[in-house]
Structures are given as structure tokens and as C-alpha cells.
Amino acid sequence: MEHDSDPLSSVRPKLVESKKQWAREGRLLTGTYADPAMRLPPGQREVKNWPVLDLGLQPDLPLSQWKLTVDGMVENPIVWSWAEFAAQPQARRQSDIHCVTAWSRFDNTWDGVSTQHLLSIVRAKPQAKFVVQHSYDGYTTNVPIEHFAAEATILAARWEGQPISREHGGPVRLILPRLYLWKSAKWLQRLEFVNRDRPGYWEERGYHNLGDPWLEQRYSQT
Ligand SMILES: Nc1nc2c(c(=O)[nH]1)N[C@H]1C(S)=C(S)[C@@H](COP(=O)(O)O)O[C@H]1N2
Ligand SMILES: [Mo]
């Protein structure tokens, strides 16, 4: 795939402005909190469809050109082709997803490579504390390494048995179900292990640095 040096320069300014405005106003905050044992986080409603949300760029990535780089503070940096990714032990995870725009979708089945397996190959150095996800559309998002390493977290290539569609981030996206879905990069290109935290696209625009749905961590001032 070919990139502009800054693919994000073409993102619709109105979309970005309205989401930044939500953050400033604290939109959708209910002022409640919940135990993670509660299935539906506060302020969320269940949907049966799967909405598409992104910056509107939706890269088209033929498998022959797709690569995943894992680098930074790891003992064994890798670059996987699609064939190498597909040759890894395949894991299945079932999880609910929660979007900060207040929809949740229950019981999604994902197939792909677990982050536990990936970590067993690249071996994070002790200084590695955060993982920055970089995507083919220029999007970035940061997560603490313990969330990345959680049992539920998967580099997903299939949803409900079918390849993840381009609009939902195929060929491979992250699924990290214990945080809001903006923490799960679509069109995953690179995982960078770092010792200092580095806010990503929405984290720099008023969204919470961690984004725990049960603590309703939608925006950074809350
Ligand atoms: N690469 C990339 N990943 C992304 C985004 C994006 O714009 N680009 N948007 C995030 C946001 S804000 C959300 S809510 C989810 C939406 O995923 P979905 O479209 O599959 O529902 O993807 C997240 N991951
Ligand atoms: Mo989002």
C-alpha cells in the first residue's frame, strides 16, 4: 500500500471537531460507575448490528502487501508477512465490545493470534510499560502493557468465522475488550513497545488516556 507522509491530513475536520467538542462537554457521562462484573458498562446500550467508526480513510490492504511490525523495547523484533501471521497458533476469543459513542455489542467471536502468543515470541523488555498501536490509516492509540497482555486481547483476523471486513479494520485489527473500542486499532501495521506513555490520536484530542468503560473514562478531564 502507498501512503502519503501524513495520511491524516485528509481527515474531515468537522468529524474531528465534533468529537473534540463531545470531550469538552463531557457528553454521554452519567456520573455513575460500575463493577466490571456488570456486563453492560454505565451509559451504554446494547446494539445487535456492528457500527463502523473511524477517521474515514479505510485503507485497502491486499494480503500480499500486508505486514505487521513489532518493535521498540522487545528482545526479538519481528516483521510478519500475512503467511507468517497465518502460520502462528490460532486463538479464539469471545468478547463484548464497548464504543465511547455509547453502543455495546455482546458475544463477538474473534480468531487470530493472541497477544499472549505474540509476547512469547517478541519478549517485552522489563522497561516496556506501554504499547503504541500504529495503523495503516495513520491512526495511533496507546495502552498499558498489562492490558495488551491480557488473556482476552487478540490480533483478530476473523469475526464470526469470516475475515474481518475492510471497513472493520481487516486484514488484522486489535481487539482489547476491557477498554473502549478506540483503544483497538483497525488496519494494524505496527506495535511499538515503549517505556514512556505516548498519547495517540484521540488521547491527544480530549479522550481519556486509559478508557475503562466500567469507570466511564470517556474523556480526559473526568
Ligand atoms: N486505524 C484505526 N483504528 C481505529 C479507528 C480509526 O479511525 N483508525 N477508530 C477507533 C474508534 S474511535 C472506534 S469506536 C473503533 C470502531 O471500530 P469499528 O468501526 O469496527 O466498530 O475503531 C477504533 N480503531
Ligand atoms: Mo470511537
Side-chain angles (χ1 to χ4, degrees), residues 1 3-4 6-23 27-29 41 43-61 66-69 93 95-110 112 131-143 147-148 153-160 162-192 199-213 216-220:
M1 212 200 66
H3 303 282
D4 298 330
D6 181 10
L8 292 180
S9 59
S10 62
V11 170
R12 288 162 297 158
K14 270 191 174 166
L15 175 146
V16 177
E17 248 335 292
S18 72
K19 285 194 83 173
K20 285 166 79 174
Q21 187 63 31
W22 281 34
R27 197 87 84 88
L28 301 175
L29 289 176
Q44 297 291 110
R45 70 196 144 73
E46 190 191 347
V47 298
K48 296 290 185 189
N49 61 327
W50 185 8
V52 172
L53 285 104
D54 54 52
L55 299 171
L57 301 175
Q58 301 195 341
D60 187 8
L61 299 161
W66 180 86
K67 280 188 177 6
L68 176 68
T69 298
R93 298 285 184 268
S95 59
D96 302 343
I97 51 179
H98 308 288
C99 177
V100 72
T101 61
W103 58 264
S104 293
R105 191 179 193 287
F106 291 167
D107 289 323
N108 302 277
T109 303
W110 313 100
V131 180
V132 180
Q133 306 164 49
H134 300 256
S135 297
Y136 279 95
D137 63 343
Y139 184 79
T140 56
T141 188
N142 56 312
V143 290
H147 279 271
F148 180 82
T153 310
I154 184 167
L155 312 185
R158 300 175 89 79
W159 172 75
E160 305 299 319
Q162 299 301 318
I164 292 186
S165 65
R166 173 179 170 186
E167 59 179 4
H168 283 299
V172 174
R173 72 170 300 163
L174 197 81
I175 290 292
L176 198 166
R178 298 305 291 188
L179 299 177
Y180 284 121
L181 199 57
W182 91 78
K183 292 292 188 175
S184 293
K186 297 158 74 163
W187 311 291
L188 192 60
Q189 179 175 30
R190 176 181 174 211
L191 295 165
E192 182 189 8
Y201 187 84
W202 287 120
E203 294 81 12
E204 280 186 331
R205 288 167 176 78
Y207 285 77
H208 198 278
N209 195 51
L210 181 60
D212 183 327
E216 227 181 342
Q217 292 173 335
R218 298 179 194 272
Y219 311 117
S220 53

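Keep in mind that this is a model prediction, so the values were computed, not measured. Order of appearance sets the numbers: ligands from 1, and atoms from 1 within every ligand.
Annotation for His98 and Phe106: closest pair CE1-CE2, 4.5 Å, computed over non-hydrogen atoms. Between Ser18 and Leu15, the shortest heavy-atom distance links the atoms OG-O, 3.1 Å. Minimum interatomic distance between Asp212 and Gln217 (heavy atoms only, all atoms of both residues): N-OE1, 2.9 Å. When every heavy atom of Glu167 is checked against every heavy atom of Lys186, the shortest pair comes out as O-NZ, 2.9 Å. Annotation for Gly170 and Trp187: closest pair O-CD1, 3.1 Å, computed over non-hydrogen atoms.
A salt bridge links Lys20 with Glu17: at least one charged nitrogen is closer than 4.0 Å to a carboxylate oxygen.
Proximity annotation for atom 22 (O) of ligand 1: of Gln189, Lys19, His134, Lys186, Lys186 comes nearest, heavy atoms only. Considering only non-hydrogen atoms, atom 24 (N) of ligand 1 lies nearest to Ser184 out of Ser184, Gly169, Ser165, Pro59. When Trp103, Trp202, Tyr139 are ranked by how near their heavy atoms come to atom 10 (C) of ligand 1, first place goes to Tyr139.
Thr153 places a side-chain N or O within 3.5 Å of a backbone atom of His147 that can act as its donor or acceptor partner.
Annotation: atom 14 (S) of ligand 1 to nearest protein heavy atom, Cys99 SG, 3.4 Å. Of the protein's heavy atoms, Leu53 O, 3.6 Å lies nearest to atom 9 (N) of ligand 1. Looking only at protein heavy atoms, the nearest one to atom 7 (O) of ligand 1 is Leu55 N, 3.0 Å. Scanning all protein heavy atoms for the shortest distance to atom 21 (O) of ligand 1 gives Pro51 O, 2.7 Å. What sits closest to atom 8 (N) of ligand 1 on the protein, heavy atoms only, is Asp137 OD2, 2.7 Å.
For the residue pair Thr141/Glu203, the side-chain donor-acceptor check at 3.5 Å is satisfied. No side-chain donor-acceptor contact under 3.5 Å links His134 and Thr140.
Contacts between Leu181 and ligand 1, counted as non-hydrogen atom pairs separated by less than 4.0 Å, involve both the backbone and the side chain. Contacts with ligand 1 closer than 4.0 Å are made by heavy atoms of both the backbone and the side chain of Trp182.
Contact annotation: Gln133 has no heavy atom less than 4.0 Å from any atom of ligand 1.
Looking only at side-chain heavy atoms (C-beta outward), Tyr207 and Tyr180 stay at 4.5 Å or farther from each other.
Atoms of ligand 1 lying under 4.0 Å from at least one heavy atom of Trp187, given by number and element, are 1 (N), 2 (C), 8 (N). Each of the following atoms of ligand 1 lies closer than 4.0 Å to a heavy atom of Asp54: 6 (C), 7 (O), 9 (N). Near Ser135, the atoms of ligand 1 lying under 4.0 angstrom from a non-hydrogen atom of the residue are 1 (N). Each of the following atoms of ligand 1 lies closer than 4.0 Å to a heavy atom of Ala185: 3 (N), 24 (N).
Between His168 and Trp50, the ring planes are parallel. Angles under 30° get that label, and only those over 60° would be called perpendicular.
Residue Trp50 places at least one N or O, backbone or side chain, under 3.5 Å from an N or O of ligand 1. Close N/O approach between Glu167 and ligand 1 is not found [any backbone or side-chain N/O within under 3.5 Å].
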